[in-house]
Amino acid sequence: MIKHESIETNAGLLIVLTLIVISIGGLVEIVPLFFINDTVEEVEGVRPYSALELRGRDIYQREGCYLCHSQMIRPFRDELLRYGHYSLAAESKYDHPFQWGSKRTGPDLARVGNKYSNEWHVAHLVNPRDVVPQSIMPNYPWLLEADLDYSDVQDRMRALKMTGVPYSENQQEFERNVAEFGPAIAEKLDILRAEETLMQQALANDYDGQRSRITEMDALVAYLQVLGTMVDFSKYDEGYFADFR
Ligand code: HEC
């Protein structure tokens, strides 16, 4: 009692002791981050976004989709039943900034890839109520009108490369990617060929249903369709899931 009073009535001592207590808490949170590369385990299939998907992700951020949608499935029974396998740290290791989010006005989107057709996404983004009558999601009709600006996509990839995303800019890095991701994907991660591979992916898949153009819709749907599809979970824990079903 007495000791406590002497601390509380002595501002200098109180400040020093407070700082000590806070820095212990801080260290507990910060120190593990120094070892983050060892902490995030490698998971087969996880790869950086292609140029087109990356532009789609930028549009996702520009439009503020994250304000209503999280991308992080928590390891709880109800979440597993609704969305699928819980999110792994490795699945967002190339996401800068990550899109985990903290608000779910709409459903989690971490595994929305391949859940719907491209046509569904286009109709839904133009006017959600055309496909989900009770939806309160806003309309994004301009995505179908706006031509995708990909003149700066190389710079965007270079910026991510600086944060550690393995896009390639020379033969040596390209070969490293071939060894790690296989030739087809390594090609999509090559900064020097970014515009070309972006066009190829958009035209081959025709995400927005307008063959002659590459719109912002193409990029956003390409991004949505890849979410949660990189890791093949059927290989891992069928048994684990069977318990829930
Ligand atoms: C104001 C909140 C809000 C914003 C902003 C918003 N959404 Fe939604 N979204 C919802 C709600 C609510 C639903 C559920 C009803 C529906 O399917 O429309 C939904 C559903 C979805 C679904 C279907 C998910 C599923 O599993 O059925 C997708 C995909 C989606 N939104 C993508 C987007 C994208 C992309 C953006 C940004 C361009 C966006 N949303 C912005 C609220 C929002």
Side-chain angles (χ1 to χ4, degrees), residues 40 42-62 65 71 87-99 109-118 121-122 125 143 146-233 235:
V40 178
E42 294 285 328
V43 176
E44 196 187 320
V46 178
R47 61 157 174 85
Y49 296 111
S50 71
L52 184 67
E53 294 152 8
L54 181 64
R55 286 300 286 121
R57 194 185 119 94
D58 293 336
I59 293 166
Y60 182 91
Q61 289 173 92
R62 183 192 74 194
C65 310
Q71 285 189 30
S87 296
L88 306 177
E91 287 183 280
S92 32
K93 73 175 173 181
Y94 299 131
D95 266 7
H96 301 284
F98 61 78
Q99 298 297 316
L109 297 181
R111 306 227 176 279
V112 84
N114 286 342
K115 181 176 173 190
Y116 302 104
S117 64
N118 297 338
H121 279 295
V122 174
L125 286 162
L143 299 175
D147 285 321
L148 180 70
D149 176 6
Y150 50 92
S151 55
D152 61 355
V153 69
Q154 296 190 330
D155 289 340
R156 289 171 187 267
M157 291 167 93
R158 281 193 189 103
L160 282 171
K161 191 176 170 221
M162 283 160 74
T163 69
V165 180
Y167 289 119
S168 64
E169 246 179 320
N170 56 44
Q171 192 61 24
Q172 195 189 349
E173 290 169 350
F174 178 76
E175 273 158 24
R176 176 205 63 201
N177 282 351
V178 171
E180 189 171 348
F181 303 105
I185 289 173
E187 212 163 89
K188 291 186 178 174
L189 305 183
D190 192 2
I191 297 180
L192 303 174
R193 296 187 48 196
E195 296 194 14
E196 184 189 332
T197 55
L198 181 149
M199 273 168 20
Q200 272 170 5
Q201 190 183 351
L203 296 175
N205 295 283
D206 191 23
Y207 298 97
D208 70 349
Q210 312 180 84
R211 275 220 177 274
S212 54
R213 306 171 55 196
I214 301 179
T215 60
E216 294 189 343
M217 186 67 91
D218 275 310
L220 183 57
V221 174
Y223 170 65
L224 292 172
Q225 291 291 35
V226 80
L227 289 179
T229 63
M230 291 182 188
V231 182
D232 180 4
F233 285 103
K235 273 203 272 187

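Counting begins at 1 with the first residue of the sequence.
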For the atom pair [atom1] ([X]) and [atom2] ([Y]), what is the distance rounded to the nearest 0.5 Å?
{"X": "N114", "Y": "T229", "atom1": "CG", "atom2": "OG1", "answer": "5.5 Å"}
{"X": "M230", "Y": "L88", "atom1": "CE", "atom2": "CG", "answer": "13.0 Å"}
{"X": "L52", "Y": "T197", "atom1": "CG", "atom2": "OG1", "answer": "9.0 Å"}
{"X": "Y60", "Y": "L54", "atom1": "OH", "atom2": "CG", "answer": "14.5 Å"}

Enumerate donor-acceptor pairs with a distance under 3.5 Å from any side-chain N or O in residues 213-221 to protein atoms, sequence neighbours excluded.
from : atom 1 : to   : atom 2 : distance (Å)
R213 : NE     : D147 : OD1    : 3.1
R213 : NH1    : Q210 : OE1    : 3.4
R213 : NH2    : E145 : O      : 2.5
R213 : NH2    : D147 : OD1    : 3.1
T215 : OG1    : D208 : OD2    : 2.6
T215 : OG1    : M217 : N      : 3.3
T215 : OG1    : D218 : N      : 3.3
E216 : OE1    : R62  : NH1    : 3.3
E216 : OE1    : R62  : NH2    : 2.7
E216 : OE2    : R62  : NH1    : 3.0
D218 : OD1    : Y207 : N      : 3.2
D218 : OD1    : D208 : N      : 3.0
D218 : OD2    : T215 : N      : 3.0

Not counting sequence neighbours, which residues clear salt bridge (Lys or Arg N to Asp or Glu O under 4.0 Å) with [X]? List them please.
{"X": "D149", "value": "none"}
{"X": "K161", "value": "E169, E173"}
{"X": "D58", "value": "R55, R156"}

Please tell me if the side chains of [X] and [Y] come closer than 4.5 Å, counting only heavy atoms from C-beta onward.
{"X": "D95", "Y": "R57", "answer": "yes"}
{"X": "L203", "Y": "R211", "answer": "no"}
{"X": "N177", "Y": "P166", "answer": "yes"}

Please list, chain by chain and in numerical order, all residues satisfying side-chain contact (heavy atoms from CB on, under 4.5 Å) with E195, sequence neighbours excluded.
Y150, V153
Please give me the minimum heavy-atom distance between [X] and [Y], naming the atom from each residue.
{"X": "M157", "Y": "A51", "value": "SD-CB, 4.2 Å"}
{"X": "Q201", "Y": "A222", "value": "NE2-CB, 4.4 Å"}
{"X": "Y167", "Y": "R176", "value": "O-NH2, 3.9 Å"}
{"X": "Y116", "Y": "Q225", "value": "O-NE2, 3.0 Å"}
{"X": "N205", "Y": "N118", "value": "O-ND2, 3.9 Å"}

Backbone N or O of S50 within a donor-acceptor pair of the E53 side chain at under 3.5 Å?
yes
Check each of K115, E91, Q71, R111 against L227 using the side chain to side chain contact (heavy atoms under 4.5 Å, CB included) test, and report the only one that passes.
Q71
Please tabulate, for side-chain N and O atoms in residues 182-190, each donor-acceptor pair with protein atoms closer than 3.5 Å (sequence neighbours left out).
from : atom 1 : to   : atom 2 : distance (Å)
D190 : OD1    : S168 : OG     : 3.3
D190 : OD1    : L192 : N      : 3.4

Would Y223 and Y49 count as a close aromatic pair, with their ring centres under 6.0 Å?
yes
